[in-house]
Chemist: 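The structure under discussion is supplied below as structure tokens; questions concerning it will follow.
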Amino acid sequence: MADIYLYNTIARAKQLFEPLDPSNVRMYVCGPTVYDYAHIGNARPVVVFDVLFRLLKLVYGEERVTYSRNFTDIDDKIMNRAAEEGTSIRTISRRYEKVYTEDMAMLNALPPSRTPRATEHLPEMIKMMRTLIDKGHAYEAEGHVMFHVPSMDNYGRLSGHSRDELVAGARVEVAPYKKDPADFVLWKPSSDDQPGWGSPWGRGRPGWHLECSCMIEKHMGETIDIHGGGQDLIFPHHENEIAQSECANDGKQFVRYWMHNGYLTVDGEKMSKSLGNFHTVHDLVQDHPGEALRLSLLTAHYRQPVDFSLATVAEQKRRLDRWYRLVDGVQAAETVPASVVEALSDDLNTPKAIAAIDALAAKETAAELKAAAQFMGLLTQDSSAWFRGDTPDGITVDEIEALIEARSTAKRHKDFAESDRIRDRLINHGVILEDGPSGTTWRKAD
RNA sequence: GGCGCGAUGGCGGAGUGGCGACGCAGCGGAUUGCAAAUCCGUGUACACGAGUUCGAUUCUCGUUCGCGCCUCCA
């Protein structure tokens, strides 16, 4: 069995991965706040941790890995959106939850084992806040429940920020009800026109960090193996999750391996609506194969920044074209090639894994190529479906085949002018002809 | 200001104390009625300056440049 090494953010080093219980490997990844379409940057952790999920299942067994990814379905952004549309937060969150699920499936990301929702864990949150108050780690103030940071000795271990630094570097005004400037909110009051739930501290709603602590504990236990997310979540989100969970559980370790993916830029710049380089996954999958998008996200190591561009997608699409030509009609090998497993076992080195797949890109190793690529969520369709896609514009498959037949006849009579005329006509419909030893085939142009 | 990350050929991107990973693009050739696809060939790349060393792109220090986080953000 392959040893897996993972970079652990809290240790700042690559470590041998040893799950607490190899018969139940537990991974949690922070999921989306469902208030709008997910953009391509949101898709990066999904694809990265999907690769890890696949690797863990290969190494530990298909049924021995639990992967949870939450939906944050209560949040001010959702509330604002609901208010704009004059509808409920549930309508908004369920709508975007559905779109998210569909879009990520287009990227060949496997569904997680569980997708818990924040709003379905209010009792657990209230229980955890009670525990934290009882143990002296939290307090009530003006309808809020606040976590008291100085009550925790080693707060800041994950991010490397000491409480003092945080206070010194604070950019935001300190709310008057805080005992300490570093304290953060577990529960905040809701006005009558805002969504809220009853609690011992009045009607209100949870703070952002609390849900993850509660859902992890409920579904996977007090200690889990892997917790993942984007680097921007290290502070404050994950730092505060540690504070909540470890203080509620008397210091018991919350997460054994913390993993964080790097940022994604688009055309070299931070993606933003004002720069016009904002790509939602929903839009991208209309015009580009999901596998090409997926491969584009995996060309860089997950801890490095990755620059996304349509040129990259086109390049990766051509790489997939080459692979698809080789595996046409080929049955995938039974085992995943060791070179690919080894590359991924070294802290998820996807660029090296892709290179290993390229090394298998030859006629003689097409079965291994297919097995390796499918393991990474690629080459999952028939080659003919990949190349032909949906019916091209303004022409039916029957018409295409009739024209190919007519061209073959012309070719037999050495009527190359007619032959080329037919080729050009099909090119105008986005259909490219390829004459091979066994006849003429066609594919859709890029 | 604090903490952290990075700099590899035209582009993307691994890796290594001593043989130019790999892909894309380019160029030359084979093949093809023309194409496409495929195959073969083709490149003195490791930001800069010191140091350690028989030898540094790789280790150490410094410099420059770029980036992220510091209580909305994957």
Side-chain angles (χ1 to χ4, degrees), chain A residues 9 12 29-33 35 38-49 75-77 80 149 156 159-162 164-175 178 181-185 207-209 228-237 239-240 260-265 268-272 295-307 309 311-312 314-319 321-323 325-326 343 346 349-359 361-363 387 410-411 414-417 419-420 423-424 427 432-437 440-443 445:
Chain A
T9 306
R12 282 148 224 279
V29 174
C30 287
T33 300
Y35 71 104
H39 61 244
I40 187 68
N42 294 317
R44 189 177 191 194
V46 173
V47 169
V48 163
F49 290 104
D75 174 273
D76 285 7
K77 290 191 289 290
N80 293 340
V149 168
S159 61
H161 296 311
S162 72
D164 293 344
E165 285 166 7
L166 293 174
V167 174
R171 298 183 301 190
V172 179
E173 240 178 280
V174 178
K178 285 188 180 183
D183 292 351
F184 61 90
V185 68
W208 173 36
H209 318 300
Q231 274 169 358
D232 53 327
L233 294 182
I234 294 172
F235 190 89
H237 187 51
E239 195 71 75
N240 290 349
H260 295 95
N261 62 275
Y263 242 73
L264 174 144
T265 54
E269 296 187 275
K270 187 163 176 170
M271 180 167 37
S272 75
L295 189 52
S296 299
L297 293 174
L298 295 174
T299 52
H301 182 87
Y302 77 94
R303 283 189 284 118
Q304 296 300 125
V306 65
D307 187 50
S309 69
T312 302
E315 182 178 328
Q316 299 314 321
K317 200 246 172 206
R318 281 194 291 277
R319 193 201 294 257
D321 284 345
R322 185 162 49 84
W323 292 353
R325 281 192 183 93
L326 286 162
D346 181 14
N349 193 333
T350 53
K352 204 174 176 185
I354 292 166
I357 295 176
D358 265 317
K363 259 281 178 278
F387 286 114
K411 277 176 66 181
K414 306 278 185 208
D415 185 356
F416 296 123
S419 168
D420 290 345
R423 179 193 289 288
D424 290 345
I427 283 171
I432 293 174
L433 297 185
E434 297 184 2
D435 294 335
T440 300
T441 57
W442 64 274
R443 65 184 165 92

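Small disclaimer: the values here were computed from a predicted structure and weren't measured. Quick note: numbers below take in every heavy atom, side chains included, and nothing from hydrogens, waters or symmetry partners.
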Chemist: What residues form a side-chain contact (heavy atoms from CB on, under 4.5 Å) with A:Thr299, not counting sequence neighbours?
Modeler: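 side-chain contact (heavy atoms from CB on, under 4.5 Å) check on A:Thr299 returns A:Val306, A:Gln316.
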Chemist: Taking atom C1' in both B:G20 and B:G9, compute the distance separating them and give it to the nearest angstrom.
Modeler: 10 Å
Chemist: Let's test your reading of the model: under 3.5 Å, does the base of B:G4 pair with the side chain of A:Gln231 as donor and acceptor?
Modeler: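 There is none.
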Chemist: Are the side chains of A:Arg325 and A:Phe387 in contact, using a 4.5 Å heavy-atom criterion?
Modeler: yes
Chemist: State which residues pass side-chain contact (heavy atoms from CB on, under 4.5 Å) with A:Lys352; sequence neighbours excluded, sorted by chain then number.
Modeler: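 A:Lys352: side-chain contact (heavy atoms from CB on, under 4.5 Å) contacts with A:Ala343, A:Asn349.
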Chemist: For residues A:Ile40 and A:Leu297, determine if any side-chain heavy atom of one lies less than 4.5 Å from a side-chain heavy atom of the other.
Modeler: yes
Chemist: Which heavy atom of A:Ser419 sits nearest to which heavy atom of A:Ala410, and what is that distance?
Modeler: N-CB, 4.2 Å
Chemist: Between atom CZ in A:Phe184 and atom P in B:C72, what is the gap in whole Å?
Modeler: 13 Å
Chemist: Heavy atoms under 4.0 Å, any strand shown: does A:Leu264 hit a base, just sugar-phosphate, or nothing?
Modeler: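 Touches a base.
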Chemist: B:C72 C1' sits how many Å from A:Tyr35 OH, rounded?
Modeler: 8 Å
Chemist: Check step by step if side-chain contact (heavy atoms from CB on, under 4.5 Å) holds for A:Tyr35 and A:Asn80.
Modeler: CA-CA 9 Å; A:Tyr35 71 104; A:Asn80 293 340; over 6 Å; no
Chemist: Could you check how far CZ of A:Phe235 sits from P of B:C5, rounded to whole Å?
Modeler: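 Computing the A:Phe235:CZ to B:C5:P distance gives 18 Å.
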Chemist: Restricting to nitrogen or oxygen on both sides, can you table the protein-nucleotides 13-17 of chain B pairs closer than 3.5 Å?
Modeler:
residue, atom, partner, partner atom, Å
B:A14, OP1, A:His301, N, 3.1
B:A14, O3', A:Asn349, ND2, 3.1
B:G15, OP1, A:Asn349, ND2, 3.1

Chemist: Parallel, tilted or perpendicular for A:Phe184 and A:His209, by the 30°/60° rule?
Modeler: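 Rings of A:Phe184 and A:His209: perpendicular, as their planes differ by over 60°.
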Chemist: Find the distance A:Arg319:CZ to B:C22:C1' and express it as a whole number of Å.
Modeler: 7 Å
Chemist: Considering residues at least two apart in sequence or located in another chain, which fulfil the side-chain contact (heavy atoms from CB on, under 4.5 Å) criterion with A:Val185?
Modeler: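 By the side-chain contact (heavy atoms from CB on, under 4.5 Å) rule, A:Val185 matches A:His144, A:Met146, A:Lys188.
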Chemist: Just jot down the side-chain hydrogen bond (donor to acceptor under 3.5 Å, both in side chains) partners of A:Asp321, sequence neighbours excluded, or say none.
Modeler: A:Lys317, A:Trp386
Chemist: What residues, two or more places apart in sequence or in another chain, satisfy side-chain hydrogen bond (donor to acceptor under 3.5 Å, both in side chains) together with A:Gln231?
Modeler: none
Chemist: If the condition is side-chain contact (heavy atoms from CB on, under 4.5 Å), which residues does A:His39 pass it with, not counting sequence neighbours?
Modeler: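 side-chain contact (heavy atoms from CB on, under 4.5 Å) list for A:His39, sorted by chain: A:Asn42, A:Met271, A:Phe278.
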Chemist: Using a cut-off of 4.0 Å on non-hydrogen atoms, how would the nucleic acid contact of A:Lys77 be classed: base, sugar-phosphate, or nothing?
Modeler: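 Here A:Lys77 touches the backbone only, sparing every base.
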Chemist: Expressed in whole Å, how much space separates the C1' atoms belonging to B:A7 and B:G62?
Modeler: 16 Å
Chemist: Whole angstrom is fine here: how far is it from CG in A:Asp232 over to P in B:U71?
Modeler: 13 Å
Chemist: Output one line per pair: protein atom, nucleotide atom from nucleotides 37-39 of chain B, and distance, for all N/O pairs under 3.5 Å.
Modeler:
residue, atom, partner, partner atom, Å
B:A37, O3', A:Arg325, NH1, 3.4

Chemist: Taking the nucleotide of RNA chain B with the closest heavy atom to each, which residue, A:Arg303 or A:Thr312, is nearer the 5' end?
Modeler: A:Arg303
Chemist: Counting C-beta onward and ignoring hydrogens, is there a side-chain heavy-atom pair between A:Asp307 and A:Thr312 closer than 4.5 Å?
Modeler: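 A:Asp307 vs A:Thr312: side chains apart.
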Chemist: The criterion is side-chain hydrogen bond (donor to acceptor under 3.5 Å, both in side chains); which residues satisfy it with A:His260, sequence neighbours excluded?
Modeler: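 Partners of A:His260 by the side-chain hydrogen bond (donor to acceptor under 3.5 Å, both in side chains) criterion, ordered by chain and then number, come out as A:Thr9, A:His238.
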Chemist: Between B:C69, B:G4, B:A36, which one does the side chain of A:Tyr263 approach most closely?
Modeler: B:C69
Chemist: Reckon A:Arg44 touches a base, only the sugar-phosphate, or nothing at all at heavy-atom distances under 4.0 Å?
Modeler: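 Counting heavy atoms under 4.0 Å across all strands, no contact is made by A:Arg44.
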Chemist: In dot-bracket form, how is RNA chain B paired, counting a Watson-Crick or G-U wobble pair only if both its distances are under 3.5 Å and using | for bases paired to another strand?
Modeler: (((((((..(((.....[...))).(((((.......)))))....(((((..]....))))))))))))....
Chemist: Quote, to the nearest angstrom, the P distance that separates B:G41 from B:G33.
Modeler: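 So the two P atoms sit 25 Å from each other.
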Chemist: Listed by chain and number, what are the side-chain hydrogen bond (donor to acceptor under 3.5 Å, both in side chains) partners of A:Thr441, not counting sequence neighbours?
Modeler: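 A:Thr441 satisfies side-chain hydrogen bond (donor to acceptor under 3.5 Å, both in side chains) with no other residue.
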Chemist: Looking at CZ of A:Arg44 and CZ of A:Phe49, how far apart are the two atoms once the value is rounded to the nearest 0.5 Å?
Modeler: 10.0 Å
Chemist: Using a heavy-atom cut-off of under 4.0 Å over every strand shown, decide if A:Leu433 touches base, sugar-phosphate, or nothing.
Modeler: base
Chemist: By nearest atom, which of the nucleotides B:C22, B:C72, B:A74 is closest to the A:Asn42 side chain?
Modeler: B:A74
Chemist: Measure from the side-chain heavy atoms of A:Pro236 and tell me the nearest of B:G23, B:U71, B:A74.
Modeler: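 Per side-chain heavy atoms of A:Pro236, the pick is B:U71.
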Chemist: Just by protein heavy atoms under 4.0 Å, how would nucleotides 25-34 of chain B read 5' to 3' in B, S and -?
Modeler: S-------BB
Chemist: Rounded to whole angstrom units, what separation is found between the CG atom of A:Asp75 and the C1' atom of B:A74?
Modeler: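 Those two atoms, CG and C1', are 14 Å apart.
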Chemist: Round to the nearest Å and state the distance from A:Gln316 atom CD to B:C24 atom P.
Modeler: 10 Å
Chemist: Over all strands shown, is A:Gly229 touching base, sugar-phosphate only, or nothing at heavy-atom distances under 4.0 angstrom?
Modeler: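 Sugar-phosphate contact only - A:Gly229 comes under 4.0 Å of backbone atoms but never of a base.
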